[in-house]
Amino acid sequence: MPQRIRPRDLALFFVSFVSMAIIGVYHLNLSDNLSTSPLSHLIALLPVISMAYFFGVIAGLIGATIFSSLFLLEIPFVIKMYGFTFESIERVGISLLLYIAALVIGDLSNSVRQRSSLRLALKNRETLLSQTLNLEEITRIVINQVHQIIRVQQVCLVLQNPITKQWQIYTDKGRAALRARSEGDSPTLGSFILSQNESFILNNLDDPNSILVENLPSPNTVTSVMSRMMYQSNGSEMGRVVLINKITGYFYEQDIERLNEFIPAVEKAIEQAYRYTRTDYALERQISQLSTIQRTSQVLNTLLDAEKVIELTLSTALDITQAEAGVIRFHASDGSTIQKVIGEEINSERTNQILEEAISASSLERNNNLELSFPFIFKYSASQLCCYISHGRSLLGIIITESTRVEAFDRTSQWILSLLADHAATSLTNVRLFQEIYKEKQQTSLIIESVTDGLITINRNGVILTANPAAIQQVGLPESAVIGTNFCDTFGISNENCTHFIHELKKSWENHAPFILETIPLHPPNSKRRIVNLSVAPVFEENQAPSRAVVLLRDITEREELNRLQEEMISSISHEMRTPLTKIQSISELIATTLDKNEPLPDRKFLDTLSTESQRLSQFLDRILDVHQLETHQFKVELRPLPLTFVVQNLIEEWRIIAPNRRIEFLKPLQPVWVMADENALNSIISNLLDNAVKYSPDHSEICVELRVKDNRAAEIFVIDHGPGIEPDKQHLIFNRFYRATGGDSQEVYGHGIGLYVAKMLTESLGGNICVESTPGKGSCFRFSIPIMENSDEI
Ligand code: ADP
């Protein structure tokens with residue numbers, strides 16, 4: 001960058017040029033023995049005035065002397081020319097007077113210039129200084145201004161750093177620390193200036209090497225020094241403005257006075273900058289502390305080990321509070337205590353006592369929000385900072401940091417430490433929760449592991465995610481070969497069952513409801529055939545659609561095998577008994593027909609008993625076989641259009657003959673009712689109900705059968721009797737297999753507890769339902785419904 005030409009340089013150039021010109025002209029004149037007019041001397045006044053103006057009185061004096069000596073050289077020529085006359089004396093006198101006048105003019109104009117520049121400087125200082133809070137900039141402005149006010153070679157400011165309390169020297173080259181001693185152990189100029197508590201001026205320094213200016217580009221010798229004290233608004237020392245001349249120059253009292261006008265503004269600006277720096281520093285420290293806490297809390301949150309959390313919390317606490325030693329104590333939920341110490345050796349018994357007391361005093365202290373303080377834990381401590389680690393209302397522990405510095409901690413340290421303690425508390429609570437969850441999870445896994453039924457989880461695509469040992473055993477493959485495979489394939493579920501399973505699973509996810517699939521055969525490729533009940537429940541995670549399902553595979557192979565054997569046995573027994581029973585019946589009938597009517601009565605009675613009992617036994621066998629057929633799905637319903645009114649009417653006619661002691665009424669709609677049903681099933685249902693009505697109602701009582709059509713959709717048949725009725729708490733049980741209501745007259749009535757069970761199964765197989773309404777002592781009303789045929793009118 002091209003440097004700007006300073007006016008002083010221009011002036012120097014001008015002075016040199018004019019002087020050379022004048023000296024050249026005189027030289028020519030003198031060599032020609034020619035004398036110039038005294039007025040021409042006026043031209044020589046120009047460099048003298050310029051020198052005095054720009055470089056001061058001394059420079060002007062030197063200029064005047066040079067030019068005077070030049071003109072004095074002229075005197076011999078003048079005397080030679082005009083003789084030793086008044087004119088020549090006058091000429092000498094005039095030239096001397098002229099130079100004196102030049103000096104006065106130069107000095108005057110110099111003062112005017114300096115005053116105007118001072119005024120300008122004073123005018124600018126407030127604006128300049130008030131514009132910045134940056135200390136470096138302020139010092140630069142001050143140094144510039146001082147240069148303008150006083151002619152001096154070096155200006156510097158010696159100031160104390162408000163935070164580090166270190167003395168620093170500011171020059172136009174920058175800032176450096178002030179050293180008290182130089183290499184040779186001799187005191188530096190800086191230390192000398194600092195030792196003086198008043199403003200001073202030192203001129204004519206005899207031995208320039210005794211005082212070195214430290215921290216300047218080169219340790220030049222110094223000829224004069226001026227130091228002006230600076231104070232803060234509270235009167236305490238702020239620093240000094242130091243002016244140094246290295247080659248020539250003197251300082252005068254008025255220089256200090258000149259500075260006096262300017263310095264108060266400087267003091268104010270520096271104080272403001274200090275205040276700003278202090279706030280800035282405090283903020284910077286807080287930001288760094290907060291970012292340390294943030295970083296630490298991130299790490300803390302990832303730690304799942306209480307001991308590590310405690311360790312990190314303590315080291316961070318020391319870091320952010322700038323303490324040298326500290327102790328942390330944490331009470332774990334299981335009653336154990338974790339304690340960590342950083343710092344010198346401590347008396348652990350005493351420390352325990354202090355910490356225990358601190359923790360037991362906690363509720364009071366915390367509620368009252370008092371500043372905590374306990375006996376020092378570390379030997380050389382001079383200040384202490386304490387903070388409880390608490391989460392909600394529960395106290396988890398305490399942190400104490402200590403420092404050998406007096407008043408090392410302030411409110412900010414307290415606040416920052418409590419922030420850290422809060423983070424630590426959250427992390428410790430998380431650790432606690434994690435451990436509890438982990439423990440619970442372990443227990444749950446233990447339960448799942450020990451469940452004897454197969455338990456697996458599958459995802460939406462039917463892929464196995466987890467499987468317990470029982471499930472693994474059911475499949476007969478290692479766990480790694482089971483996880484990630486398709487449920488139906490791995491467990492060998494038939495395509496038909498699998499489609500049904502997937503369909504039900506979809507429904508269960510939509511309805512948020514579990515479902516059960518009974519007696520599902522499994523043919524796992526590597527294991528034996530089994531029969532299982534599948535209990536499937538969708539798994540819900542908070543605010544999320546279910547993505548998994550738990551499947552419990554209850555192995556019912558043995559039970560099913562037993563059932564099968566039982567059924568087989570029943571069926572074979574029934575069949576085995578049926579043949580001899582039929583034979584007994586037919587023989588007893590044959591005997592009855594061949595027996596003489598006049599045969600004595602007891603023999604006939606025996607024969608009747610034989611016939612009735614064998615009939616009952618045969619009826620029982622029929623029922624047992626019905627049940628067996630129904631349960632083994634051997635009974636196939638064949639639906640076809642049936643004129644219900646007609647079927648019921650026929651049955652009633654039959655029952656009127658079978659039970660002549662009952663009045664059986666039939667109420668029916670005018671229109672015939674048609675249903676889609678299996679005739680045998682329908683007969684069996686109505687017969688069972690009529691059989692019961694007859695069995696359980698007294699002689700000569702009325703039994704009413706009513707046929708109704710409900711909503712044009714279902715045919716309802718009511719069988720109403722005036723028997724003993726059924727207790728309300730037994731009404732829902734009477735449709736169970738082999739259930740017979742105990743007590744009352746019913747026990748005196750012969751029965752097997754199968755009739756209503758068969759009626760219920762048959763009604764359901766026809767797509768209807770059956771129920772009872774009964775009032776004990778008054779009678780019962782059985783109702784069953786079956787769907788009526790669509791377009792029955794057309795038939
Ligand atoms: P059971 O062969 O014993 O009649 P059911 O299955 O037909 O077997 O009936 C079960 C039980 O219901 C009977 O034992 C009886 O206690 C009760 N019950 C059935 N019908 C009636 C009725 N009409 N009045 C009173 N109780 C009845």
Side-chain angles (χ1 to χ4, degrees), residues 570 573-574 577 581 612-631 635 648 651-652 654-656 658-667 680-707 716-766 768-786:
I570 291 171
I573 288 174
S574 319
M577 284 172 79
L581 201 63
T612 327
E613 290 305 317
S614 60
Q615 220 172 354
R616 276 188 176 178
L617 195 58
S618 152
Q619 211 179 25
F620 175 65
L621 285 180
D622 284 347
R623 291 272 172 95
I624 289 283
L625 281 174
D626 283 349
V627 170
H628 176 68
Q629 279 188 336
L630 279 169
E631 286 181 344
F635 181 88
V648 179
L651 272 171
I652 287 174
E654 274 179 34
W655 275 93
R656 279 182 182 148
I658 297 167
N661 288 342
R662 307 287 188 282
R663 275 184 290 119
I664 305 177
E665 295 294 323
F666 181 37
L667 301 175
N680 288 335
L682 201 59
N683 280 338
S684 181
I685 298 165
I686 301 169
S687 294
N688 274 322
L689 294 180
L690 276 173
D691 184 29
N692 282 347
V694 170
K695 269 197 307 191
Y696 295 104
S697 61
D699 272 357
H700 309 295
S701 62
E702 188 191 87
I703 294 167
C704 177
V705 178
E706 193 180 340
L707 172 60
E716 289 184 325
I717 296 170
F718 298 81
V719 180
I720 306 155
D721 65 51
H722 298 283
I726 306 157
E727 296 292 329
D729 58 329
K730 290 172 183 157
Q731 288 176 14
H732 67 285
L733 298 169
I734 56 173
F735 295 98
N736 288 352
R737 186 165 62 162
F738 299 123
Y739 181 83
R740 300 208 67 218
T742 52
D745 292 340
S746 64
Q747 283 307 299
E748 289 161 19
V749 181
Y750 179 80
H752 315 109
I754 295 174
L756 288 180
Y757 173 66
V758 170
K760 186 172 189 294
M761 287 190 78
L762 289 175
T763 315
E764 282 170 4
S765 69
L766 296 179
N769 57 55
I770 186 165
C771 62
V772 66
E773 277 174 31
S774 178
T775 315
K778 288 197 172 167
S780 311
C781 170
F782 285 85
R783 173 174 62 90
F784 80 94
S785 66
I786 43 172

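Ligands are counted one by one from 1 in listed order, and the atoms in each one are counted from 1 as well.
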Any idea which part of Arg740 is under 4.0 Å from ligand 1, heavy-atom wise: side chain, backbone, both or neither? both
Heavy-atom contact check, 4.0 Å cutoff: does Ser780 meet ligand 1? yes
Those atoms of ligand 1 less than 4.0 Å from some heavy atom in Ile734: 10 (C), 12 (O)
Min heavy-atom dist Asp721 to ligand 1 below 4.0 Å: yes
Could you pull out, from Gly753, Ala693, Gly755, the option with a heavy atom nearest to atom 1 (P) of ligand 1? Gly753
Ligand 1 atoms in contact with Lys695 (distance to a heavy atom under 4.0 Å): 1 (P), 2 (O), 4 (O)
Pull out every atom of ligand 1 sitting under 4.0 Å from any heavy atom of Tyr739, numbered as shown with elements. 10 (C), 11 (C)
Assign the ring pair His752 / Phe620 to parallel, tilted or perpendicular, where the plane angle (0 to 90°) is split at 30° and 60°. tilted
Less than 3.5 Å between some nitrogen or oxygen of Asn692 and one of ligand 1, yes or no? yes
Is the number of heavy atoms from other residues, nucleotides or ligands under 6.0 Å of Glu773 CD greater than 12? no
In terms of atom number and element, which parts of ligand 1 are under 4.0 angstrom from non-hydrogen atoms of Ile754? 6 (O), 8 (O)
Do the side chain of Asn688 and the main chain of Ser684 share a donor and acceptor less than 3.5 angstrom apart? yes
Interatomic spacing from CD in Glu613 to CG in Leu581 - rounded to 0.5 Å: 11.0 Å
Just by modelled atom types, is the Ser697 backbone N or O under 3.5 Å from a matching donor or acceptor in the Arg662 side chain? yes
At what distance, to the nearest 0.5 angstrom, does CG of Leu667 lie from CD1 of Ile717? 12.5 Å
So, taking the atom named CD1 in Ile652 and the one named CD in Glu665, what distance separates them when rounded to the nearest 0.5 Å? 9.0 Å
Do Ile754 and Phe738 have side chains that approach each other closer than 4.5 Å (heavy atoms only, starting at C-beta)? yes
Proximity to ligand 1 by part of Leu756, non-hydrogen separation under 4.0 Å: both
Would you say ligand 1 has an N or O under 3.5 Å from any N or O of Tyr757? no
Report yes or no: does Tyr750 have a heavy atom closer than 4.0 Å to ligand 1? no
